[in-house]
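Each remark here refers to the structure printed beneath this line.
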There are 2 protein chains.
Amino acid sequence: MRVLIVEDEIGIANFLKQGLEEESFVVDVAYEGGEGLIMALSGEYDILILDWMLPEKSGIEICTEFRKKFKKTPVIFLTAKDTMKETILGLQSGANDYIKKPFHFDELLERIKVQLRPNTEELEGLTLGSIKLNLNTYQVTKNNVEIPLTQKEFSLLEMLIRNKGKVCKRSRIIESVWDIHFDYNTGVIDVYINALRKKLKLSGDENYIQTIRGVGYIAKEL
Amino acid sequence: MRVLIVEDEIGIANFLKQGLEEESFVVDVAYEGGEGLIMALSGEYDILILDWMLPEKSGIEICTEFRKKFKKTPVIFLTAKDTMKETILGLQSGANDYIKKPFHFDELLERIKVQLRPNTEELEGLTLGSIKLNLNTYQVTKNNVEIPLTQKEFSLLEMLIRNKGKVCKRSRIIESVWDIHFDYNTGVIDVYINALRKKLKLSGDENYIQTIRGVGYIAKEL
DNA sequence: TTTTTTTCTTAAAATATGCTTAAAAATTTA
DNA sequence: TAAATTTTTAAGCATATTTTAAGAAAAAAA
């Protein structure tokens, strides 16, 4: 991750640069506003740390200009201007956070991490050997070949994979997949296990879904 | 915009609620942690304001649990726990900002606005293949030809595009577009999907809105 | 081995889902 | 208030899914 620090006090700038480099960021420093803005606009950075009072161009000006071109790249103010009014002005100029000096390096670091937090909402996909189950798209693939499943098939496979390595009793399966909470004598489970094994071609050396006679089924990688 | 405040001090809670309502937010308050978490998980809120110390469940626990399900919804801590270590813990639990008491309401408000700031996607308008959706003018075009849609049609299309690449369950659609929060058996969705497909001529090689039988619909570029 | 139990497999029956249309109800506009 | 538009309900239809059921196969018990 690349960080641009725009800070005219050399001591603070060095302290920040060193600290962030220890956290394996790639850090560039600009010591005055005009230079800072030009560097920021190059688009090479994942995040900006701005002082407010700077020679040539203030942090506010940098932030405002920068936002015209880059809507998303996070900007954090790090400044001695600590009044409420100033904080609000800083945030209104497009910054994502506003930290007042004196500051704790560890808190700054954490706030940087917050801004760089991947904001992907996607849930983790479930896998079983070469089988992948995408909970966003309800797609199931085996060796990247899509295999269309019906709702009940999907739901059963999902339950088995979520309990990968553990035996799923028939009673738990009928509860979880069919939402039936009383004793119920039926052969549906067998039929659906059969359908899964057929569609997913789970035979011989790829028998990911095994029968535990008298109990239920277990999904496991072999 | 809907805000959930979880705060056990009634005075502060009322103060916040009133202040935010004056800014035309819709505000709900939970006075203890367990209740707060349940409300948060309902998925009805655009942002959470959490106290740390709460009866039953701490703000940290709420935030951690909430993040398991909602990766994106912003969370702001508002707490008297003001040490650096605590701040870091709060942010690490998944919060987006951490404000220490005593606080200025105007700064809190500004920080809320920062979190709710529309992302680039919304600024540039939503698109789905050659279809463009302008949220300001409520115009929809396909290949730059305007296609008039009714409100419900627009709203449904907007929801699908906002979740582009992800399946929208029927239950989520009826919640989001029709604002119905209980189990409701209806065929309106089908009718409106049909209308959209017709008006937007989504057939054959342009079938941007696909049916996931037994689940819902998914919008995707092919 | 024979019997019993459990699971597998298949096909048909029952059910559910989604598409399409038309008309009724509600809402907005003139 | 009447007309136009939008929204919702409802029903028929085709099709996909789910369930039942029954015989075959396999495993365990006697």
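Each chain gets a letter, A, B and so on, in the order the sequences are listed, and its residues count up from 1. A quick note: this is a predicted structure, and the numbers were derived from the prediction, not measured. Computed from heavy atoms alone, side chains included, the values below leave out hydrogens, waters and symmetry copies.
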Listed by chain and number, what are the ring-ring contact (aromatic ring centres under 6.0 Å, His included) partners of [X], not counting sequence neighbours?
{"X": "Tyr192(A)", "value": "Trp178(A)"}
{"X": "Phe105(B)", "value": "Phe15(B)"}
{"X": "Phe66(B)", "value": "Phe70(B)"}
{"X": "Tyr138(A)", "value": "Phe154(A)"}

Between Glu158(A) and Lys164(A), does a salt bridge (Lys or Arg N to Asp or Glu O under 4.0 Å) hold up when you go through it step by step? CA-CA 10 Å; Glu158(A) 180 185 345; Lys164(A) 188 156 55 172; over 6 Å; no

Is the backbone N or O of [Y] less than 3.5 Å from a side-chain atom of [X], with the two atoms forming a donor-acceptor pair by type?
{"X": "Asn134(A)", "Y": "Asn136(A)", "result": "yes"}
{"X": "Arg117(A)", "Y": "Gly94(B)", "result": "yes"}
{"X": "Asn163(B)", "Y": "Lys166(B)", "result": "no"}

Per-nucleotide protein contact string for nucleotides 25-30 of chain D, where B marks a base within reach and S marks sugar-phosphate only (heavy atoms under 4.0 Å, - for neither): -BBS--

Which angle, to the nearest 10 degrees, lies between the helix axes at the two ends of the helix from dT1(C)-dA30(D) to dA30(C)-dT1(D), each defined by five pairs?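 Result, rounded to 10 degrees: 40°.
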
With sequence neighbours left out, what residues match Lys198(A) under salt bridge (Lys or Arg N to Asp or Glu O under 4.0 Å)?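 For Lys198(A) there are no salt bridge (Lys or Arg N to Asp or Glu O under 4.0 Å) partners, ignoring immediate neighbours.
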
For Glu23(A), what residues pass the salt bridge (Lys or Arg N to Asp or Glu O under 4.0 Å) criterion, not counting sequence neighbours? none

Considering residues, nucleotides and ligands other than [X], do more than 12 of their heavy atoms fall under 6.0 Å from its [atom1]?
{"X": "Lys169(B)", "atom1": "NZ", "answer": "no"}
{"X": "Lys220(A)", "atom1": "NZ", "answer": "no"}
{"X": "Lys132(B)", "atom1": "NZ", "answer": "no"}
{"X": "Arg170(B)", "atom1": "CZ", "answer": "yes"}

Look at Tyr184(B) and dT8(D) and indicate whether a side-chain polar atom (N or O) is within less than 4.0 Å of OP1 or OP2. no

Go through the steps for Arg2(A) and Asp46(A) under the test salt bridge (Lys or Arg N to Asp or Glu O under 4.0 Å), then give the verdict. CA-CA 5 Å; Arg2(A) 303 183 64 94; Asp46(A) 299 298; over 6 Å; no

Minimum heavy-atom distance Leu200(B)-Lys142(B), with the two atoms named: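 Distance-wise, the nearest heavy atoms are O-NZ, 2.8 Å.
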
Among residues 188-199 of chain B, which residues get a heavy atom nearer than 4.0 Å to DNA chain C?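 Asp190(B), Val191(B), Asn194(B), Arg197(B), Lys198(B), in order of number.
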
Those residues of residues 174-183 of chain A lying under 4.0 Å from DNA chain D by at least one heavy atom: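 Trp178(A), in order of number.
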
Can you sort out which residues in residues 147-158 of chain B have a heavy atom within less than 4.0 Å of DNA chain D? Ascending by number, please.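 Close to the strand are Thr150(B), Gln151(B), Lys152(B).
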
Positional range of nucleotides in DNA chain C within the contact set of chain A, heavy-atom, under 4.0 Å: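 Contact span on the strand: dT5(C) to dT10(C).
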
To the nearest 0.5 Å, what is the distance between CG (Leu50(A)) and OG1 (Thr79(A))?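 OG1 of Thr79(A) is found 10.0 Å from CG of Leu50(A).
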
